[in-house]
Amino acid sequence: MITAQNVFIGFGKAAKTLAGALANRGESVIMIEASDKMYGGTCINVACIPTKTLLTSSQNNRLGDAQENYRSAIVNKNDVTGTLRSSNLHKLSDKATVTVLNGWAEFEAPKQLKVTYQNGKVDQISGERIFINTGSTPIIPEIPGLVTSPFMQTSETLMDQRRLPKHLAIVGGGYIGLEFASIYANFGSQVTIIDAGKQFMARDERELATAVQRDMAAKGVEFELNAQVTQVINQVGEAKIEFEQDGQRRTLTADTILVSTGRKANIAKLGLDKAGIATNQRGIIVDDHLRTNVDNIWAMGDVRGGAQFTYISLDDYRIVLDQLVGDGKRTLAEQELVPHVVFLNTPVATIGLNEEQAKNQQIAYQVGKLATTAVPKAHVLGNTTGYLKVLVDPANHEILGATLYCIEAQELINMISLAMHQHLPYEVLRDQIYSHPTMTEAFNDLFGTIK
C-alpha cells in the first residue's frame, strides 16, 4: 500500500497547481496520470495550446506547398506541447515529497484506489485527501457509420494527423468547431460545417453572429445549418456524409470528418460508485466549495460539469486551497462572471450581458460601440475586421457586459473583466492614459461613445 496525505487523479490544471502548492508546504503528494502524453492536462496537450499554436501558424501561412506548410505547423505544435508537458512534469516530479505514477486509477473504497500500469502491475493507493481532476473527453454521437469510419477524427486526434485534409467536414458548429474551421481554411482545406442548430452561434447576439458568419464565409468556410447527419458511408479515399436539412435529404463527401459535438466529464471507469461519489449527467456533483458528497474528496475542472475552461480549473484550485490553508471564503459564486473567447482569425471575446439579453430581460442600459477600423493599432496589425461594443448601467455607470470582435479581443476582455469584478465605473477605462499604439487605447474612444 502506497500512502500520502494528498492523492490526485489526473494531471490537470487545478491538480498540478494544488499539488505543487501542498508539496511546497512539505505535504506528501501522489499524482496519478493515465497517459504520459497528458502531463499538464487537456489544455496544454490537446486543446488550448496546440490549437492556438496551429492558428498562429495558419495565419502566418507561407506561400508555397500547403501540405508542407501544414506538416511544419504540426511539427512546431508538437515541439511546443512537448516542451510544456515536460516542464509541467518536472515542476512536480522534482519535488522531494511528490510521486508521479503513470497508470489508470480506480476507486475500491472512499479512500482507497487501485492503480493499474501498462505492464499490468497493480498498486494499492490510499490518501487522507483525494482530488479528482481527470478533465473531459469528446462526445461521439451515435450516427451509423461514424464511429467505425477511418475518416473520423476528434478535436484531439486531428491535430496529430500530418496530412492536410482536402475537404474537412466539421459535425457541430460550436466554438471548438469554429476554431478548427478557421485554422484549416487558412491552411487551404475546403471546410464545411454541418450543424443541427437553426441559428449560427445561437448563444450570441445576432449582430455578432451575422458578422462572424459573413467573415468566415469570405474565407471559404461553408455552412449547412439545421442539418442533422443521418449516416456516414465509407468509400475509397473519402466518406459520404448523408444529412437531412429542411426536410430534404442531402449528401456531401469529405476525406476528413471532425466530430465537434461537445465534451463530457471523463469519469467512466473511475469506479466512483465504489467510493459512493454522487454523479449526474454533467459529471461529479460538488458543492460551492468543490466538495463531493464523500468527506475529503474533491472534484475540480471539467470533470465536475462546469464551464470547460482552463482558467476555471485554475480558479477551482484557489477555491480548494483556500479551504485547506486559508479562511475558506472562496466559492464557485466567483465564477459566475468570466470571459468567453473564440479564437478565430479575428477573435471573439464576450463577458456579461449582450444587448439582446439586456433587452429581453428589460435591464436598463446605455451602449457604446466602436468600429475596429477606428483603432490605429488594428491598422498596424493588418486586421480592421469587426467592432467593440459595451453596455453600462445608466445608474451607477458600472459595465454590464461587452462584446469584442476585433484583433487582440482575447487580451482586451480581461481588462473589462477586471473593471466589472472591481465594480469600477466605465469612466475609469474611458479616461485612462494608455500607451500608443495599442488596442487598449481603443477604450478611450469606445467608452466615449456611451449614450
Side-chain angles (χ1 to χ4, degrees), residues 51 55 58 138-147 149 151-155 158 165-233 238-264 308 340-350 354-357 359-360 385-387 389 403 405:
T51 54
L55 178 62
S58 75
I139 297 171
I140 309 298
E142 296 181 0
I143 297 171
L146 179 62
V147 175
S149 175
F151 307 104
M152 191 271 284
Q153 302 282 348
T154 69
S155 60
L158 179 58
K166 293 180 179 178
H167 186 183
L168 173 64
I170 301 176
V171 181
Y175 291 168
I176 295 175
L178 295 183
E179 289 188 359
F180 274 91
S182 288
I183 292 168
Y184 282 85
N186 286 346
F187 278 120
S189 297
Q190 178 186 352
V191 178
T192 303
I193 293 176
I194 308 172
D195 189 64
K198 294 182 179 180
Q199 281 192 321
F200 177 71
M201 294 179 67
R203 290 179 290 181
D204 297 285
E205 63 182 5
R206 292 303 86 201
E207 179 182 20
L208 175 64
T210 299
V212 172
Q213 185 174 7
R214 178 194 65 224
D215 295 336
M216 292 187 71
K219 292 283 187 178
V221 178
E222 298 178 347
F223 298 90
E224 299 292 351
L225 303 179
N226 195 28
Q228 187 70 49
V229 177
T230 56
Q231 185 175 204
V232 173
I233 301 174
E238 63 184 11
K240 182 168 72 171
I241 304 168
E242 298 184 349
F243 59 96
E244 293 183 357
Q245 183 181 49
D246 300 325
Q248 301 294 319
R249 293 183 179 181
R250 299 188 56 197
T251 65
L252 62 81
T253 58
D255 63 325
T256 306
I257 304 170
L258 170 62
V259 179
S260 180
T261 51
R263 298 176 66 89
K264 61 183 178 180
Q308 296 175 347
H340 292 227
V341 181
V342 191
F343 287 83
L344 307 176
N345 288 313
T346 301
V348 173
T350 60
N354 62 44
E355 191 167 11
E356 288 180 2
Q357 291 169 333
K359 287 179 178 178
N360 292 337
T385 298
Y387 62 92
K389 187 177 183 182
T403 296
Y405 178 39

Colleague: Quick check against the 3.5 Å criterion: does Q190 have a side-chain atom that pairs as donor or acceptor with the backbone of L168?
Modeller: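 No, the answer is negative, given that no donor and acceptor are paired below the 3.5 Å cut-off.
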Colleague: Is a side-chain donor or acceptor of T261 paired with a backbone partner of I139 at a separation under 3.5 angstrom?
Modeller: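 The answer is yes, because a donor-acceptor pair under 3.5 Å joins these two groups.
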Colleague: Check for a donor-acceptor pair, side chain of S149 on one end and backbone N or O of F151 on the other, with a separation under 3.5 Å.
Modeller: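 Side chain of S149 to backbone of F151, a donor-acceptor pair under 3.5 Å: yes, one is there.
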Colleague: Within a 6.0 Å radius of atom CD on Q228, are there more than 12 heavy atoms belonging to other residues, nucleotides or ligands?
Modeller: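 No, not enclosed.
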Colleague: Give the minimum heavy-atom separation between K240 and T253, together with the two atoms involved.
Modeller: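 Smallest interatomic distance, heavy atoms only, reads CA-CG2, 4.2 Å.
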Colleague: Going through the distances and angles, do I176 and R263 end up as a side-chain contact (heavy atoms from CB on, under 4.5 Å)?
Modeller: CA-CA 10 Å; I176 295 175; R263 298 176 66 89; 4.2 Å; yes
Colleague: Is it true that a side-chain atom of T251 and a backbone atom of E242 form a donor plus acceptor pair closer than 3.5 Å?
Modeller: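 No; zero donor-acceptor contacts below 3.5 Å.
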Colleague: Could you tell me which non-hydrogen atom of V221 sits nearest to which non-hydrogen atom of A185, and how far apart they are?
Modeller: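 In this case the closest contact between V221 and A185 is CG2-CB, 3.9 Å.
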Colleague: Below 4.0 angstrom, N of the basic side chain to O of the carboxylate: do E205 and K389 qualify?
Modeller: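 So E205 pairs with K389 through a salt bridge.
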Colleague: Could you pull out the closest heavy-atom pair between I170 and G177, with the gap in Å?
Modeller: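 Residues I170 and G177, closest heavy atoms: CD1-O, 3.5 Å.
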Colleague: Counting C-beta onward and ignoring hydrogens, is there a side-chain heavy-atom pair between F343 and V348 closer than 4.5 Å?
Modeller: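 Not touching, per the 4.5 Å side-chain cut-off.
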Colleague: Can you name the closest pair of heavy atoms from V229 and I241 and give their distance?
Modeller: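 It is CG1-CG2, 3.8 Å.
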Colleague: Tell me whether D195 contacts the main-chain N or O of G197 through its side chain, where contact means a donor paired with an acceptor under 3.5 Å.
Modeller: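 Flag set: sc D195 to bb G197 pair under 3.5 Å.
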Colleague: Determine yes or no for a side-chain-to-main-chain donor-acceptor pair under 3.5 angstrom, with Q357 supplying the side chain and N354 the backbone.
Modeller: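 At least one qualifying donor-acceptor pair exists.
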Colleague: Within the supplied structure, the quantity of interest is the number of heavy atoms (other residues, nucleotides, ligands) at a distance under 6.0 Å from R203 CZ; does it exceed 12?
Modeller: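 Counting neighbours around CZ of R203, 12 or fewer heavy atoms of other residues, nucleotides or ligands fall under 6.0 Å, so no.
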Colleague: Should I193 and E222 count as side-chain neighbours, where that means a heavy-atom distance under 4.5 Å?
Modeller: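 Not in contact.
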Colleague: Examine distances only and state if a side-chain atom of T210 and a backbone atom of R206 form a donor-acceptor pair shorter than 3.5 Å.
Modeller: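 Looks like yes, one N/O pair under 3.5 Å.
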Colleague: Are L146 and P141 close enough that some pair of their side-chain heavy atoms sits under 4.5 Å apart?
Modeller: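 They are in side-chain contact.
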Colleague: What are the two closest heavy atoms between D204 and Y175, and how far apart are they?
Modeller: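 So the minimum-distance heavy-atom pair works out to OD2-OH, 2.8 Å.
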Colleague: Going by distance alone, is a donor N or O of one side chain under 3.5 Å from an acceptor N or O of the other, for D215 and N345?
Modeller: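 Side chains of D215 and N345: no pair found under 3.5 Å.
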